[in-house]
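Before we start, here is the structure in question, set down as structure tokens.
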Amino acid sequence: MTEYRPQQLDRKWQERWAATRAFEVTEDPSKPKYYCLEMFAYPSGHAHVGHVRNYIIGDVMARTKRMRGYNVLHPFGWDAFGLPAENAAIKSGIHPEESTRANIAHMKGQLQRLGISYAWERELATCDPEYYKWNQWLFIRMFERGLAYRKRSSVNWCPKDQTVLANEQVVDGGCWRCGTPVETRDLEQWFFRITAYADELLDATVEMERWPEKVLTMQQNWIGRSEGARVTFPMEDASSDIEVFTTRIDTIFGATFVLLGPEHPLVAKLAEKTNDPAAFRKHVQTFRTQDRAARISGEIEKQGFDTGFRAINPFTNQPVPIWVANFVLGDYGTGAVMAVPAHDQRDFEFARKFNLPVKVVIVSEDGRPAPDANTMPEATVAYGRTIDSGEFSNLASQEAQQRMIAFANARGIGEGTVQYRLKDWGISRQRYWGTPIPMIYCETDGIVPVPDDQLPVELPKVTEFTGRGDSPLAQVPEFVNVKCPKCGGPARRETDTMDTFVDSSWYFYRFADPKNDRQPFDPKKVDYWLPVDFYSGGIEHAILHLIYSRFFARVFRDLGMVHHSEPFTQLLTQGMVLKDGAVMSKSKGNVVDPDTMLEKFGADALRLYVMFVAPPENQVEWTDTGLRGIASFLARVWRLVDQWMPAFKSNPDSPSTSLGASRIPNPGDLTSAERAIRRKTHDTIRRVTADIEQRQQLNTAVSAMMELVNDLYAFGESEGARPQAVAVVAEAIEALVRMLSPFAPHTCEELWEMLGHRDGLMKASWPQFDAAVAKAEEIVVPVQVNGKVRSRLTVPAEASEKELEEMALADPAVMAHLAGKQVKKVVVAKGRLVSLVV
RNA sequence: GCCGGGGUGGCGAAACUGGCAGACGCACAGGACUUAAAAUCCUGGGUCCCGAAAGGGGCGUGCGGGUUCGAUUCCCGCCCCCGGCACCA
């Protein structure tokens with residue numbers, strides 16, 4: 001009897017893996033590669049079971065693929081820059097570098113204690129100058145190509161974190177990190193021109209078959225493409241032109257006024273022309289401030305006022321009034337719209353409120369009469385047929401659009417265009433703990449990039465953290481004051497740092513070549529390993545990280561450094577682990593620490609439980625009792641092997657001498673119970689393999705193995721230990737130990753060694769499925785009468801349809817239900833069921 | 001409002017191409033072993049009805065229809081939950 005002591009096994013095998021660098025890999029063209037990646041971690045201090053679930057999913061995939069013969073890259077690293085460390089420094093005085101390094105050390109230990117099979121030799125942290133140097137290098141390449149540019153614009157500002165936020169980082173009008181309502185500020189900022197790839201990023205989503213529909217939809221919504229037209233409405237006094245964007249140019253004959261957003265540049269100009277510019281400006285200002293607050297509260301009253309000026313509708317040539325309206329967005333389209341109250345609900349409400357004219361120009365195709373403009377209760381927004389539209393009358397909406405765009409083009413008053421919701425990515429952050437932006441401002445030469453040979457621009461060691469709303473780097477004169485690289489004259493450095501999402505947008509390339517000091521990575525190595533075959537992480541990154549990374553992949557591609565566009569072939573978004581119905585968090589006090597679970601039950605029980613409790617995408621509720629149940633399953637597996645060991649040892653065909661069917665003496669001479677075990681073994685191999693590799697349905701893979709274990713226990717009780725029985729069980733157990741090892745590697749390595757194997761499971765191959773063995777001899781076929789199951793027949797698997805029908809009709813239980821009635825119809829699905837209709 | 005995902009026992013879930021609904025587990029109940037407990041092993045269970053029992057019958061995958069010999073699965077119309085987007089012209 002060998003006792004099962006999981007905690008000891010954890011230590012033994014983890015030490016051995018570390019000592020042999022068991023998970024490091026090199027490029028090997030002779031083997032198929034598999035790049036398995038989990039989203040790297042922000043070193044917050046402690047990984048809870050919610051985080052850990054993700055690493056276990058990835059580890060099951062990585063360990064399985066290794067045994068399946070793949071060259072597996074499975075690296076890990078740290079998304080180490082970021083605000084929490086800096087905010088902690090403001091409170092505690094501990095430098096972010098110090099706390100971050102300590103957190104990394106602790107969390108690395110946690111992952112190692114879980115036995116996650118990372119190639120730790122490739123570990124990286126984004127706060128290492130050797131890493132962020134290449135952020136800066138890439139920034140300069142993007143600057144050279146116009147993909148990084150500086151502009152003054154109104155940006156999202158979090159008053160609590162005292163920094164700018166990208167649009168993607170504003171959630172429900174608040175800061176993604178702290179929830180504080182976001183304000184707007186006018187600032188000079190650096191932007192990445194992600195909109196240059198908007199089309200491509202959107203179009204590619206159609207072909208990303210191994211990404212969840214949900215994520216693709218979210219990205220499509222985020223990019224938000226709409227096709228339409230820009231049309232110029234000249235001012236009546238010809239002093240300027242107003243350009244509008246519309247998706248419904250077919251309704252332009254119904255455009256009875258023009259609306260300007262409060263941010264529109266023309267608004268300020270018009271103010272000057274009025275009798276009371278101050279009152280005008282004040283009015284506009286009310287809209288601008290009230291606007292955002294109103295939007296957050298969700299309750300927005302349509303407001304507006306007449307400028308007193310008029311523009312000319314270029315299709316009707318009629319003058320139309322120009323109004324300013326609070327609901328017109330300054331940063332979408334052209335910031336001005338043509339209002340068609342009859343066919344747009346917002347314009348309709350506005351027109352009714354301010355008594356503006358409504359003109360119907362679209363009727364439904366089914367011939368119903370046009371609604372009365374004076375009494376219609378709401379706008380009719382559907383496509384239809386044009387009326388009252390001059391030479392464009394009596395056309396289907398789509399056709400009218402085409403002709404009108406052609407007309408506008410010919411006259412130079414407009415063109416077809418595409419508009420995106422996606423905006424350029426503002427990456428400047430007025431904070432310390434991030435990558436310095438490698439730019440220099442010179443009075444004579446303007447904006448000058450830091451020369452490549454002076455990279456990295458190292459983050460200076462700031463010791464005082466105040467949390468004031470200006471860049472901490474501006475307080476370090478020896479950092480700020482430099483000579484201009486062009487003219488040598490006095491110049492200042494950029495003092496903002498980069499958004500940390502820049503760091504995480506390309507780290508998966510660096511893993512392919514983490515020590516390279518001459519370039520971000522060797523393109524040859526990236527060609528071998530990339531794209532990532534399997535990427536898993538939380539749904540919260542569905543837009544942010546995953547759209548930025550797709551953008552960066554294309555930037556690297558256009559720099560000629562990679563030869564693909566999509567960096568992640570398959571994406572799995574793992575569900576959260578809840579405790580007491582809520583997301584785990586320190587403040588709620590409901591964090592489950594993996595280490596306490598490891599001490600109680602060992603790493604394998606925790607790993608197996610988290611995989612078994614539900615499919616990876618599902619949210620799950622943590623329960624300690626479930627974990628205990630799984631721990632006893634592992635003990636049950638242990639005892640099963642332990643019980644059979646004496647029989648294996650005294651048997652000439654013991655497991656260590658050969659594998660699988662080849663050592664089963666006299667396969668033709670097995671009892672039906674022995675054949676049943678072999679059948680179950682191979683059926684389990686088939687199910688487990690498909691569940692892991694094809695479906696990532698890891699919970700049912702575990703269920704299947706549990707069934708096999710249950711059958712083996714039942715077999716052990718009823719069958720004696722004749723050589724064939726021992727061999728059949730040996731085959732089953734060796735398959736089981738190998739299939740279970742990705743989930744429970746420590747226990748299985750030990751069992752594998754116990755079974756007499758010296759090379760470790762890493763070198764063991766995955767069990768081979770044998771369809772001939774798995775094939776059922778006898779099957780149970782249900783017989784339905786009028787759709788209800790009335791009997792079950794046990795028949796040979798290959799019974800023909802005719803035989804099945806005869807047996808069904810002869811079955812006593814079936815005959816009772818037929819009871820002399822006429823059988824009208826017989827349906828036989830071979831090997832599945834017989835259905836009788838009377 | 002638009003888009004996406006989902007609704008199956010007390011709970012987590014399973015059901016592969018339309019073919020025995022509830023595998024596997026948790027919790028629970030009963031039993032064996034034990035002085036006792038823990039551990040372990042065995043048994044039970046969707047629900048209602050008839051029956052002392054063996055057994056038999058009805059209903060049952062959010063609701064209402066449809067297609068089909070047969071529907072958790074396909075189609076139509078609803079309800080509810082979760083997530084995303086949202087005065088986006």
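Chain naming here is simple, since letters A, B, ... match the order of the sequence lines and numbering starts at 1 in each. For the numbers below, each heavy atom of this structure counts, side chains included, while hydrogens, waters and symmetry mates do not.
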Discussion item. Suppose you measure atom C1' in B:U67 against the same atom in B:C74; what distance do you get, rounded to whole Å?
Written reply: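 After rounding to an integer number of Å, I get 8 Å for this pair.
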
Worksheet item: Could you state the CZ-P distance from A:F348 to B:G1, rounded to the nearest angstrom?
Response: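 Taking atom P of B:G1 as the reference, CZ of A:F348 is at 19 Å.
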
Practice prompt. Could you measure between the two P atoms, the one in B:C2 and the one in B:C78, and give it in whole Å?
Written response: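 My reading of the P atoms in B:C2 and B:C78 gives 11 Å.
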
Item to complete: Can you spot which of A:I685, A:D711, A:N710 makes a side chain to side chain contact (heavy atoms under 4.5 Å, CB included) with A:K680?
Response: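 Of the listed residues A:I685, A:D711, A:N710, the side chain to side chain contact (heavy atoms under 4.5 Å, CB included) partner of A:K680 is A:D711.
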
Discussion item. Between B:G9 and B:U61, how far apart are the two P atoms, rounded to whole Å?
Written reply: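 One P to the other, the span is 10 Å.
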
Discussion item. Per the salt bridge (Lys or Arg N to Asp or Glu O under 4.0 Å) rule, what does the pair list look like for residues 205-231 of chain A, sequence neighbours excluded?
Written reply: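 Salt bridge (Lys or Arg N to Asp or Glu O under 4.0 Å) check on residues 205-231 of chain A returns A:D199-A:R225, A:R225-A:E227, A:R230-A:E243.
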
Worksheet entry | C1' spacing across the pair B:U8 / B:G22, given as an integer number of angstrom |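 Rounded to whole Å, the distance is 8 Å.
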
Worksheet entry | Polar contact flag, side-chain donor to acceptor under 3.5 angstrom, A:T700-A:D691 |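 Side chains of A:T700 and A:D691: pair found under 3.5 Å.
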
Worksheet item: Do the side chains of A:L606 and A:F601 get nearer than 4.5 Å, heavy atoms only?
Response: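 Heavy-atom side-chain distance check fails, nothing below 4.5 Å.
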
Worksheet item: How do A:V834 and A:W222 order along RNA chain B: which one's closest nucleotide is nearer the 5' end?
Response: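 It is A:V834, whose closest nucleotide lies nearer the 5' terminus.
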
Discussion item. Applying a 4.0 Å non-hydrogen cut-off, can you work out what A:E213 is touching in the nucleic acid: base, sugar-phosphate, or nothing?
Written reply: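 Sugar-phosphate contact only.
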
Worksheet entry | A:Q697 side chain near B:A14 phosphate (N/O to OP1/OP2, under 4.0 Å) |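 A:Q697 to B:A14 OP1/OP2: side-chain N or O found under 4.0 Å.
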
Practice prompt. Could you label the plane-to-plane angle of the A:H545 and A:H541 rings as parallel, tilted or perpendicular, counting under 30° as parallel and over 60° as perpendicular?
Written response: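 Perpendicular, since the angle between the ring planes exceeds 60°.
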
Worksheet item: NA contact type, A:V780, heavy-atom cut-off 4.0 Å: base, sugar-phosphate, or nothing?
Response: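 Base contact.
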
Worksheet item: Taking only side-chain nitrogens and oxygens of A:R346, does any of them come within less than 4.0 Å of OP1 or OP2 of B:C88?
Response: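 Looking at the OP1 and OP2 atoms of B:C88, one of them is under 4.0 Å from a side-chain N or O of A:R346.
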
Discussion item. Pick the closest RNA chain B nucleotide for A:Q619 and for A:T247 by heavy atoms, then say which residue is nearer the 5' end.
Written reply: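 Going by which nucleotide is closer to the 5' end, it is A:Q619.
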
Worksheet item: Given that both distances must come in under 3.5 Å, which nucleotide forms a Watson-Crick or G-U wobble pair with B:A29?
Response: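 B:A29 is paired, partner B:U43.
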
Discussion item. Please tell me if A:Y332 has a side-chain N or O lying less than 4.0 Å from either OP1 or OP2 of B:A89.
Written reply: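 Yes, such a contact exists.
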
Discussion item. Does A:P615 reach a base, just sugar-phosphate, or nothing at all? Heavy atoms under 4.0 Å.
Written reply: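 Sugar-phosphate, no base atom in range.
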
Practice prompt. Measure up the A:F315 and A:F253 rings against each other and bin them: parallel (under 30°), tilted (30 to 60°), perpendicular (over 60°).
Written response: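 Ring orientation of A:F315 relative to A:F253: perpendicular.
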
Please tabulate the protein-to-nucleotide N/O contacts below 3.5 Å involving nucleotides 24-31 of chain B, giving atom names and distances.
residue, atom, partner, partner atom, Å
B:G25, OP1, A:N710, ND2, 3.2
B:C26, O2', A:T625, OG1, 3.4

Item to complete: Whole angstrom is fine here: how far is it from CZ in A:R421 over to C1' in B:A86?
Response: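 Going from A:R421 (CZ) to B:A86 (C1'), I get 8 Å.
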
Discussion item. Check the phosphate of B:A15 against A:R695, side-chain N and O only, distance under 4.0 Å to OP1 or OP2. Yes or no?
Written reply: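 It does, given that an N or O in the side chain of A:R695 lies less than 4.0 Å from OP1 or OP2 of B:A15.
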
Item to complete: With a 3.5 angstrom cut-off on both distances, give the Watson-Crick or G-U wobble partner of B:G70, or none if there isn't one.
Response: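 Result: none.
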
Worksheet item: Under 4.0 angstrom, heavy atoms only, what part of the nucleic acid is A:N618 near: base, sugar-phosphate, or nothing?
Response: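 Sugar-phosphate, backbone atoms only, no base.
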
Discussion item. Can you tell me whether the side chain of A:R792 and the base of B:C20 have a donor-acceptor pair closer than 3.5 Å?
Written reply: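 It does, because a donor-acceptor pair links the side chain of A:R792 to the base of B:C20 below 3.5 Å.
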
Discussion item. B:A23, OP1 or OP2 - any side-chain N/O from A:R687 closer than 4.0 Å?
Written reply: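 False: A:R687 side-chain N/O out of range (4.0 Å or more) of B:A23 OP1/OP2.
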
Discussion item. Categorize A:Q419 for me: base, sugar-phosphate, or nothing, with a 4.0 angstrom heavy-atom threshold over every strand shown.
Written reply: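 A:Q419: no heavy atom of the nucleic acid under 4.0 Å.
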
Worksheet item: Does B:G9 fall in syn (glycosidic angle within 90° of 0) or anti?
Response: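 This nucleotide is in syn.
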
Worksheet entry | Side-chain N,O (A:N326) to OP1/OP2 (B:C87) below 4.0 Å |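 Result: no.
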
Fill in: Pairwise C1' distance for B:G60 and B:A21, with rounding to whole Å
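Each nucleotide's C1' atom is 9 Å from the other's.
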
Worksheet item: Taking A:S549 for the side chain and A:L546 for the main chain, is one N or O donor matched with an acceptor at less than 3.5 Å?
Response: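 No, A:S549 side chain to A:L546 backbone: no donor-acceptor pair under 3.5 Å.
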
Worksheet entry | Face-on cation placement of A:R346 at A:F327 ring, 6.0 Å and 45° thresholds |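 Negative - A:R346 is either too far from the ring of A:F327 or too far off its axis.
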
Practice prompt. Take nucleotides 58-68 of chain B nucleotide by nucleotide from the 5' end and write B, S or -, depending on whether a protein heavy atom sits under 4.0 Å from the base, only from the sugar-phosphate, or from neither.
Written response: SS---------

Worksheet item: When you check the phosphate oxygens OP1 and OP2 of B:C41, does a side-chain N or O of A:R639 lie under 4.0 Å from one of them?
Response: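 Looking at the OP1 and OP2 atoms of B:C41, one of them is under 4.0 Å from a side-chain N or O of A:R639.
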
Discussion item. Distance check, P atoms only: B:C20 and B:A71, in whole angstrom units.
Written reply: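 Between the two P atoms, the distance is 11 Å.
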
Worksheet item: Taking any strand in view, what nucleotide pairs with B:C16 in a Watson-Crick or G-U wobble way, both distances under 3.5 Å?
Response: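 Here B:C16 is not engaged in any pair, so there is no nucleotide opposite it.
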
Worksheet item: Between the base of B:C87 and the side chain of A:K302, is there any donor-acceptor pair under 3.5 Å?
Response: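 Per atom types, the contact qualifies.
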
Fill in: Side-chain heavy-atom pair A:Q219, A:L201 within 4.5 angstrom cut-off
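No, their side chains stay 4.5 Å or more apart.
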
Worksheet item: Under 30°, 30 to 60°, or over 60°: which ring-plane class applies to A:F305 and A:H283, parallel, tilted or perpendicular?
Response: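 It falls in the parallel class, under 30°.
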
Discussion item. If I take atom CD in residue A:Q784 and atom C1' in nucleotide B:G70, what distance separates them, rounded to the nearest angstrom?
Written reply: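 A:Q784 atom CD is separated from B:G70 atom C1' by 5 Å.
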
Worksheet item: Where does the angle between the aromatic ring planes of A:W323 and A:F350 fall among parallel (under 30°), tilted (30 to 60°) and perpendicular (over 60°)?
Response: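 Aromatic pair A:W323/A:F350 classed perpendicular.
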
Worksheet item: Considering only heavy atoms from C-beta outward, does the side chain of A:Q401 approach that of A:T246 to under 4.5 Å?
Response: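 No; the side chains remain at least 4.5 Å from each other.
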
Fill in: Pairing nucleotide - B:C2, Watson-Crick or G-U, each distance under 3.5 Å
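Matched B:C2 with B:G84 under the 3.5 Å cut-off.
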
Worksheet item: P atom, B:A86 versus B:A23: distance in rounded Å?
Response: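 To the nearest whole Å, 44 Å.
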
Discussion item. With rounding to the closest Å, how many angstrom separate the P atoms on B:U68 and B:C82?
Written reply: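 Their P atoms lie roughly 38 Å apart.
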
Worksheet item: Taking a pair as Watson-Crick or G-U wobble with both distances under 3.5 Å, which nucleotide is matched to B:U8?
Response: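 B:U8 is unpaired by these criteria.
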
